[in-house]
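In what follows, chains are A, B, ... by sequence order, proteins preceding strands, each numbered from 1. Model, not experiment: these values are computed from the prediction.
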Amino acid sequence: MENSMKKKTFTESEEVELRRGPWTLEEDTLLTNYILQNSEGRWNVVAKCAGLKRNGKSCRLRWLNYLKPDIRRGNLSPQEQLLILDLHSKWGNRWSKIAQYLPGRTDNEIKNYWRTRVQKQARQLNIESNSDKFFDAVRSFWVPRLIEKMEQNPSNTYCCPQNNNNNNNSLLPPSQS
DNA sequence: AACATGTACAACCGCACTGCG
DNA sequence: TCGCAGTGCGGTTGTACATGT
């Protein structure tokens with residue numbers, strides 16, 4: 001990564017120095033305004049037409065993970081956490097697929113949650129995070145704790161609108177359900 | 001108060017897939 | 001059929017902030 005400009009993926013004729021790193025408020029505004037007026041379309045075109053010195057990929061990521069109006073921010077509710085555990089036990093690291101069942105949550109957010117909290121727990125227990133042993137620990141320790149939390153504080157439970165049918169009754173990993 | 005360490009999350013990278021000419 | 005550009009996904013890294021000593 002010694003040279004950020006080593007590879008250009010679009011229009012070599014345009015020697016535009018692409019910006020990287022954290023987005024500024026101004027860039028956010030440019031991107032948001034452009035998309036609200038013109039819809040998403042091709043990301044490289046969006047980047048260019050919005051007047052951003054970013055590549056399309058970067059714009060897409062920023063929009064999907066941060067700027068999109070329906071993004072839910074803040075802590076994951078116990079029910080959402082339970083759902084993630086459940087879905088992960090079915091599909092593994094298919095973050096985007098899991099995210100489809102948590103409206104307003106992004107694959108990036110779920111992935112981060114898994115890495116920082118779930119895998120941390122696994123490390124503390126000294127077990128492989130994708131092993132059978134780990135899922136046993138999740139079933140016998142973590143899931144009951146989350147259910148307890150939900151019962152103690154029902155107001156913070158979150159009801160997934162389009163997936164009630166297949167998830168609300170299936171909060172335990174498939175081997176139990 | 002200052003420093004060290006841990007945590008959370010935004011952003012980047014590489015690869016695979018898809019659609020189009 | 002092939003090559004290319006665009007896109008999506010999962011893994012990884014960087015860094016700001018929180019917490020502990």
Side-chain angles (χ1 to χ4, degrees), chain A residues 1-36 38-131 134-135 138 142 145-146 149 156 158 163:
Chain A
M1 230 188 282
E2 70 288 351
N3 181 359
S4 64
M5 297 300 287
K6 68 183 174 196
K7 190 160 72 173
K8 278 194 191 154
T9 54
F10 72 97
T11 54
E12 293 292 334
S13 57
E14 283 180 81
E15 296 297 326
V16 179
E17 189 77 20
L18 293 180
R19 263 185 58 76
R20 298 175 54 187
W23 280 64
T24 64
L25 191 61
E26 193 193 349
E27 288 177 310
D28 283 348
T29 309
L30 282 172
L31 182 58
T32 305
N33 287 344
Y34 181 84
I35 291 175
L36 291 179
N38 303 280
S39 83
E40 294 174 21
R42 294 189 158 204
W43 288 107
N44 279 335
V45 174
V46 169
K48 220 162 42 172
C49 295
L52 290 159
K53 291 179 175 140
R54 297 272 183 175
N55 63 26
K57 256 180 145 173
S58 181
C59 293
R60 173 184 166 270
L61 206 66
R62 183 65 176 171
W63 176 253
L64 293 179
N65 287 337
Y66 198 83
L67 298 174
K68 218 176 166 187
D70 58 2
I71 296 284
R72 280 162 58 88
R73 312 205 71 81
N75 292 339
L76 292 159
S77 68
Q79 191 164 358
E80 285 176 308
Q81 293 177 49
L82 216 43
L83 193 50
I84 291 169
L85 293 174
D86 183 26
L87 297 177
H88 186 276
S89 71
K90 287 177 187 155
W91 300 322
N93 297 359
R94 302 293 308 279
W95 308 117
S96 59
K97 194 167 181 181
I98 293 172
Q100 287 170 7
Y101 289 78
L102 289 129
R105 301 295 186 181
T106 67
D107 55 351
N108 211 30
E109 191 175 10
I110 294 165
K111 183 169 57 182
N112 280 330
Y113 163 74
W114 188 266
R115 287 191 62 81
T116 56
R117 297 182 223 176
V118 180
Q119 291 200 331
K120 188 188 86 181
Q121 289 283 337
R123 273 200 308 275
Q124 283 174 355
L125 295 170
N126 237 335
I127 48 183
E128 230 9 78
S129 61
N130 282 327
S131 64
F134 175 69
F135 289 115
V138 168
W142 206 328
R145 258 184 48 186
L146 286 170
K149 260 192 193 170
N156 72 0
Y158 169 63
N163 301 303

Distance-only donor-acceptor test (3.5 Å): side chain A:Asn65, base B:dA11: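 Not at all, since no donor on one side and acceptor on the other fall under 3.5 Å apart.
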
Presence of donor-acceptor pair under 3.5 Å, side chain of A:Lys57 and base of C:dG8: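 In this structure, the two groups form a donor-acceptor pair.
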
To the nearest 0.5 Å, what is the distance between [atom1] ([X]) and [atom2] ([Y])?
X        : Y        : atom1 : atom2 : result
A:Trp114 : A:Ile84  : CH2   : CD1   : 8.5 Å
A:Ile110 : A:Gln100 : CD1   : CD    : 10.0 Å
A:Thr106 : A:Trp95  : OG1   : CH2   : 12.0 Å

At less than 4.0 Å, is any side-chain N or O atom of [X] found next to OP1 or OP2 of [N]? Yes or no.
X        : N      : answer
A:Trp95  : C:dG8  : no
A:Trp114 : C:dG10 : no
A:Ser58  : B:dA11 : no
A:Arg115 : C:dT13 : no
A:Asn108 : B:dA10 : no
A:Asn44  : C:dA5  : no

Full working for salt bridge (charged side-chain N to carboxylate O under 4.0 Å, His left out) between A:Arg19 and A:Glu27: CA-CA 10 Å; A:Arg19 263 185 58 76; A:Glu27 288 177 310; 2.8 Å; yes

Separation of [N] [atom2] from [X] [atom1] (nearest whole Å):
X        : N      : atom1 : atom2 : answer
A:Leu25  : B:dA10 : CG    : P     : 16 Å
A:Trp63  : B:dA10 : CH2   : C1'   : 17 Å
A:Lys97  : C:dG8  : NZ    : P     : 18 Å
A:Leu18  : B:dC13 : CG    : C1'   : 15 Å
A:Trp23  : C:dA16 : CH2   : P     : 18 Å
A:Arg19  : B:dA10 : CZ    : P     : 17 Å
A:Asp107 : C:dT7  : CG    : P     : 17 Å
A:Leu64  : C:dC9  : CG    : P     : 9 Å

Residue pair A:Tyr66 / A:Trp23, side-chain heavy-atom distance below 4.5 Å: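 Side chain of A:Tyr66 against side chain of A:Trp23, heavy atoms only: no contact under 4.5 Å found.
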
Whether A:Trp91 and A:Tyr101 hold their rings parallel, tilted or perpendicular, with breakpoints at 30° and 60°: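 A:Trp91 and A:Tyr101: tilted rings.
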
Contact letters for nucleotides 4-9 of chain B, in which S counts primed atoms plus P, OP1 and OP2 and B counts the base, heavy atoms under 4.0 Å: ---SBB

Sugar-phosphate only, base, or nothing, as touched by A:Arg94 at under 4.0 Å among non-hydrogen atoms: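 Answer is sugar-phosphate: A:Arg94 comes under 4.0 Å of backbone atoms only.
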
Residue A:Arg54, side-chain atoms from C-beta onward, closest of C:dG11, C:dG8, B:dC12: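 From the listed options, B:dC12 comes nearest.
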
Side chain of A:Arg60 (C-beta onward), nearest among C:dT7, B:dC13, C:dG6: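 The answer is C:dT7.
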
Least distance between heavy atoms, A:Leu52 atom then A:Cys59 atom: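 Taking every non-hydrogen atom into account, CD1-SG, 3.9 Å.
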
Sole residue of A:Arg60, A:Arg54, A:Arg62 in side chain to side chain contact (heavy atoms under 4.5 Å, CB included) with A:Ser58: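 That would be A:Arg54; it is the only one of A:Arg60, A:Arg54, A:Arg62 passing the side chain to side chain contact (heavy atoms under 4.5 Å, CB included) with A:Ser58.
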
